[in-house]
Structure formats: structure tokens, C-alpha cells
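Structure first, commentary second.
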Amino acid sequence: MISLRSRRSLLKFASVLFPASAMDPLRLLGLEGRGAGNAGFANSSLANSSLAISNLAISNDDARNLPTPDIFPTQPPELVREMVLVSHFNLARVRELVEARPSLAKASWDWGFGDWESALGAASHVGNKPIAEYLISKGARPSLFSATMLGQLEVVKAFVTAQPGVQRIRGPHSITLLAHAKAGGEAARPVFEYLQSLKDADADPPIPLPEADIARFPGTYVFGPVVNQQIEITADKGLLTWTRKGTTGRGLVHLGDRTFHPMGAASVRIRFAEDPGGMVMTINDPNLVLTARRKSEAK
């Protein structure tokens, strides 16, 4: 068993690797809500990262004395999530995780509503070439999106020739193929220009959300009696974020008529409507229909 002193040392190590400021890039990536009500994800991530580090730091002898997890042989979810998270911006931590568990180079995580993202996909959409190349060298599966960011023009052209229209497929968080080319910088300029010539590798402009609705929708929506059966809607700079208590915030894309879909989940619909009792939110996901009423109005 790991001693109390060892656990404290590991937790201290975790606090150095994962200061609160390390969560800031998530706001740029759409992985965390933009409002102040979404601090819970950062806190839970820190806790899970501490657990992950303790799992990696123990010796083989200590490991033999630990009980076998119920999820074995599935990879620990906290490590999978951390792997995808740090693949956006932290090469050193990516190396540590992959050296400890080589299969994590192929890790994927669902950030919510089926917004799946691989570690390589994370590095690709932010233009992190060193992480992308490292992951591929360790067995990550190259994709159209990684080829686009890395400036592999002939590969991208081959995809489009083999599957016309593939340029319209979105990456994680609904990020377009053209945006991946832009993230690749000067090395990906030929790919960017090629995709621009196709006319449909980028997103349509979003439908503006009226200022009155930006102010009208935020609040806590309740769909059950316990704390995690609450959804926070927050607003920042004209954008709304949807966050179930204890989970990752999802940016909302306005489709018109008070209807949205979460980033990375175009088949999901979130609608707001007012009835005599107040504001109601309905989520179609698509086999689940959930209705939540704003907390001040919930009965």
C-alpha cells in the first residue's frame, strides 16, 4: 500500500504539474465554459490528475499489492481524459503518460454529447506540431485532420479525390478542416489555399443571438432533486455555455429561433421556451429528451 506520506508527496507533485492556470487554454478550445460558474471542471480535473499521477508513480512491488480495479483491462478514464487534455498544450506531460502507458497515444475522450476527441485530434486543431508528430511516432493513427494541420497537401488531395465532400466533415468541437489548415501556420499554407479553392471546407457564419436572449437564458436549470441534476447556462461575449454540474462546459451554436446545438454535436438540439411558469430548456440527444426548468422558477 502507498503510505500517507507518499500520497501527500504525490498530491503536492500534482499541484505543481496542474496549477489552476493550466486550465485557461480550455476556454480557447471550447472545452470549458466561459463563465464563472464552470470552475467545477478545473477542480475535478485537478483531483483526477492527482489520482492519475499516483497510479503512475508507484513501484512495481507496490502495484502488486493494490486491488485489481473493476474496470480492468479498460484504461483508467481519468488517465484517458488527462491524455487528451494535455495533448493540446503540454508535450512534457504527454511524453510522461505515453512512456508509462504506450497505448495512451491512441486515446480518445467524449467531452459531452458525443464530442469525441483523440489525443492527436487535440494537437491537430490547435496546431501543436511537436505533440502531433510525437503521438504519430508512438502509434497514434494519422487522420485527414492531422494531415491538414501538418501541411501534407498530397494526402489531403487524395482524401478529397477518394471521398468527394470529405472536406465538409467537422473535427472535434465542430472545428472545420480549413481551421485545421490555418492552425498549421506557414507550413500548411498550400493546404489552406487548396481547401479555400473548394469553397466548402469552412463553416457558415453563425446566426447572431439577440442581446435580449443573451441576457434572458442564463441561470441554473433543474431536472432532478440532486446537485448533479442541474445545468448551468452562462453567457460571455455573446456566447452561451451549457454545463451540467460536475462536467465539462459545452459552447452552444445558435441555429435560430432559440435553438442551439453543442459544439461537436450537430445532431443534438437544445431549445429554450417560456411558459406561464418561466423559462424551460429541452434537450434532444437524440434518443433522450430531457426538460429542465430554471431554478428560481422550478417547483
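Along the sequence shown, residues are numbered consecutively beginning with 1.
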Below 4.5 Å, heavy atoms only, C-beta onward: do [X] and [Y] meet side chain to side chain?
{"X": "Ile270", "Y": "Pro262", "answer": "yes"}
{"X": "Leu178", "Y": "Phe192", "answer": "yes"}
{"X": "Leu209", "Y": "Leu240", "answer": "yes"}
{"X": "Val280", "Y": "Thr291", "answer": "yes"}
{"X": "Leu150", "Y": "Glu133", "answer": "yes"}
{"X": "Thr243", "Y": "Thr248", "answer": "no"}
{"X": "Met281", "Y": "Leu290", "answer": "no"}
{"X": "Pro210", "Y": "Ile214", "answer": "no"}

What's the spacing between [X] [atom1] and [Y] [atom2] if we round to 0.5 Å?
{"X": "Ser124", "Y": "Ile136", "atom1": "OG", "atom2": "CD1", "result": "7.0 Å"}
{"X": "Leu153", "Y": "Arg189", "atom1": "CG", "atom2": "CZ", "result": "13.5 Å"}
{"X": "Ser87", "Y": "Leu104", "atom1": "OG", "atom2": "CG", "result": "9.0 Å"}
{"X": "Glu96", "Y": "Asn90", "atom1": "CD", "atom2": "CG", "result": "8.0 Å"}
{"X": "Trp116", "Y": "Asp110", "atom1": "CH2", "atom2": "CG", "result": "5.0 Å"}
{"X": "Met83", "Y": "Leu97", "atom1": "CE", "atom2": "CG", "result": "6.0 Å"}

Same cluster for [X] and [Y] if Ile/Leu/Val/Met/Phe/Trp/Tyr side chains link at under 4.5 Å?
{"X": "Met149", "Y": "Leu177", "result": "no"}
{"X": "Leu255", "Y": "Leu252", "result": "no"}
{"X": "Val253", "Y": "Ile207", "result": "no"}
{"X": "Phe89", "Y": "Ile131", "result": "yes"}
{"X": "Phe217", "Y": "Phe223", "result": "yes"}

Next item on the list: Compute the ring centroids of Phe113 and Trp242, then answer whether they are less than 6.0 Å apart.
Entry: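 Close enough - the centres of the two rings lie under 6.0 Å apart.
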
Margin query: Show, in sequence, the C-alpha distance, side-chain angles and deciding distance for Thr241 and Ile233, and conclude whether the side chain to side chain contact (heavy atoms under 4.5 Å, CB included) test is met.
Written below: CA-CA 6 Å; Thr241 297; Ile233 300 295; over 6 Å; no

So, the side chain of [X] versus the backbone of [Y]: is there a donor-acceptor pair under 3.5 Å, distance only?
{"X": "Thr176", "Y": "Asp202", "value": "no"}
{"X": "Arg244", "Y": "Asn228", "value": "yes"}
{"X": "Ser137", "Y": "Tyr134", "value": "yes"}
{"X": "Thr259", "Y": "Asp257", "value": "yes"}
{"X": "Asp285", "Y": "Asn287", "value": "no"}
{"X": "Asp115", "Y": "His173", "value": "yes"}

Where do [X] and [Y] come nearest, in terms of heavy atoms and distance?
{"X": "Ala147", "Y": "Val155", "result": "CB-CG1, 3.7 Å"}
{"X": "Ser108", "Y": "Val80", "result": "O-CG1, 3.2 Å"}
{"X": "Ala123", "Y": "Ala132", "result": "CB-N, 3.8 Å"}
{"X": "Val191", "Y": "Ala181", "result": "CG1-CB, 4.2 Å"}
{"X": "Ala187", "Y": "Pro190", "result": "O-CD, 3.9 Å"}
{"X": "Glu274", "Y": "Met279", "result": "CG-CE, 3.4 Å"}

Note to self: I'd like to know if Asp275 pairs up with Arg293 as an ion pair, taking the criterion as any Lys NZ or Arg NE/NH1/NH2 lying under 4.0 Å from an Asp or Glu carboxylate oxygen.
What the structure shows: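 Salt bridge between Asp275 and Arg293, a charged N being under 4.0 Å from a carboxylate O: yes.
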
Check: Does a side-chain N-to-carboxylate-O contact under 4.0 Å join Arg81 and Glu78?
Finding: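 Salt bridge absent between Arg81 and Glu78.
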
Item checked: Distance-only donor-acceptor check, side chains Gln75 and Ser103, under 3.5 Å ->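 Their side chains do contain a donor-acceptor pair, which is all the 3.5 Å distance test asks for.
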
Margin query: Is a donor from one side chain sitting under 3.5 angstrom from an acceptor on the other, for Thr220 and Glu232?
Written below: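 There is such a pair (donor and acceptor under 3.5 Å, judged by atom type) between the side chains of Thr220 and Glu232.
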
Notebook entry, point to check: Does Tyr194 have Lys157 sitting over its ring (NZ/CZ under 6.0 Å from centre, angle to axis within 45°)?
Noted result: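 Because its charged atom sits under 6.0 Å from the ring centre and within 45° of the axis, Lys157 does stack over Tyr194.
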
Notebook entry, point to check: Which is it for Glu117 and Trp109 under the side chain to side chain contact (heavy atoms under 4.5 Å, CB included) test, yes or no, and what are the steps along the way?
Noted result: CA-CA 5 Å; Glu117 180 176 43; Trp109 184 257; 5.8 Å; no

Margin query: Per the side chain to side chain donor-acceptor pair (under 3.5 Å) rule, what does the pair list look like for residues 146-155, sequence neighbours excluded?
Written below: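 Sorted pair list comes back empty.
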
Margin query: Does Ile283 form a side chain to side chain contact (heavy atoms under 4.5 Å, CB included) with Arg269? I'd like the steps, not just the answer.
Written below: CA-CA 6 Å; Ile283 302 107; Arg269 291 293 179 268; over 6 Å; no

Margin query: Quick check on Gln196: does its CD atom have over 12 non-hydrogen neighbours (other residues, nucleotides or ligands) under 6.0 Å away?
Written below: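 Above 12, so yes.
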
Notebook entry, point to check: Under 6.0 Å from the NZ atom of Lys138, do we count more than 12 heavy atoms belonging to anything else shown?
Noted result: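 Open: at most 12 neighbouring heavy atoms sit under 6.0 Å from NZ of Lys138.
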
Margin query: Holding to salt bridge (charged side-chain N to carboxylate O under 4.0 Å, His left out), I want the full list of residues that pass it with Arg170, two or more places apart in sequence or in another chain.
Written below: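 If we apply the salt bridge (charged side-chain N to carboxylate O under 4.0 Å, His left out) test to Arg170, skipping adjacent residues, there are no hits.
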
Checklist line | Results of salt bridge (charged side-chain N to carboxylate O under 4.0 Å, His left out) for Asp213 - residues two or more places apart only | finding: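 Scan of Asp213 (salt bridge (charged side-chain N to carboxylate O under 4.0 Å, His left out), adjacent residues dropped) gives Arg216, Arg258.
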
Next item on the list: Describe, in one word, how the ring planes of His88 and Trp111 are oriented to each other, choosing from parallel (under 30°), tilted (30 to 60°) and perpendicular (over 60°).
Entry: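 Geometry flag for Trp111 against His88: tilted rings.
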
Notebook entry, point to check: In terms of ring plane angle, is the pair His180 and His125 parallel, tilted or perpendicular, where the classes change at 30° and 60°?
Noted result: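 Ring orientation, 0 to 90° scale: perpendicular.
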
